[in-house]
Amino acid sequence: MKILVIEDEVKAAAYIRQGLAESGHAVDVAHNGTDGLHAAATGDHDLVILDVQLPGIDGFAVLSALRTSKQVPVLMLTARGKTDDKVRGFDLGADDYLVKPFQFPELLARVRALLKRGQPAHADPVVRVADLELDAVRHRATRGGQRIDLTAKEFALLTLLSQRSGEVLSRTQIASLVWDIHFDSDSNVVEVAVRRLRSKIDDPFPEKLIHTVRGVGYVLERRDE
Ligand code: CA
């Protein structure tokens with residue numbers, strides 16, 4: 001299993017990393033909230049261990065930003081005596097918490113429980129971004145519970161954008177991943193497909209999910225006003 005540890009204290013992070021590595025996990029470490037959020041949002045981790053007290057953007061801000069795009073299990077590390085932190089963490093979507101300082105076996109037990117719990121969810125064929133839901137098995141897309149009819153290519157395009165929500169995909173990437181063809185740079189097939197897709201999943205709704213990144217490509221994500 002792949003685990004991301006977001007902890008600014010170098011010694012503590014190294015201690016956690018070593019213990020998890022010895023238990024057979026692949027471990028990435030980020031030493032501040034910004035790097036941690038980026039790693040969590042763009043990586044394919046099975047679990048995130050997130051310290052609340054971080055310089056810059058703290059653990060709560062990281063969690064709340066992460067939850068707009070990802071449902072990866074999050075174990076929060078909170079300081080002793082801060083019961084408010086636990087409540088706040090759970091409200092923001094943390095899956096569990098551990099009070100510092102802790103013994104490593106305690107951490108490992110929580111990690112095991114979360115990874116076990118996370119497995120069926122991992123196999124969940126439904127991708128969700130905001131009120132958009134994509135069921136890959138039933139080949140069904142809904143927004144706000146409203147069924148949306150899509151062609152096979154539109155569904156493939158939407159699946160790609162949703163699964164990689166928050167990541168900007170270039171037209172070339174989209175063309176090769178959805179159409180499996182490397183289009184000439186002057187081809188507008190991606191633009192046309194994105195426009196059609198927008199007319200179905202974005203135009204009828206106040207909150208737009210597909211965004212154009214000028215000169216780069218497209219990103220599907222929730223953007224809070
Ligand atoms: Ca810390």
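For this chain, numbers begin at 1 and follow the sequence in order.
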Atom [atom1] of [X]: over 12 foreign heavy atoms under 6.0 Å:
X      : atom1 : result
Tyr97  : OH    : no
His38  : NE2   : no
Arg110 : CZ    : yes

Has the side chain of [X] got a donor or acceptor atom that lies under 3.5 Å from a matching backbone atom of [Y]?
X      : Y      : result
Lys153 : Trp179 : no
Asp202 : Lys208 : no
Arg171 : Ile174 : no

4.5 Å side-chain heavy-atom contact, [X] and [Y]:
X      : Y      : value
Asn32  : Ile57  : no
Phe155 : Leu134 : yes
Asp96  : Met76  : no
Val5   : Leu20  : yes

Exercise. Would you check if the distance from the ring center of Tyr218 to the ring center of His211 is below 6.0 Å?
Key: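 Not under 6.0 Å, so no.
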Quiz item: Pick from Arg140, Arg143, Arg128, Arg138: which one makes a salt bridge (charged side-chain N to carboxylate O under 4.0 Å, His left out) with Glu133?
Solution: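 Only one option passes, and that is Arg128.
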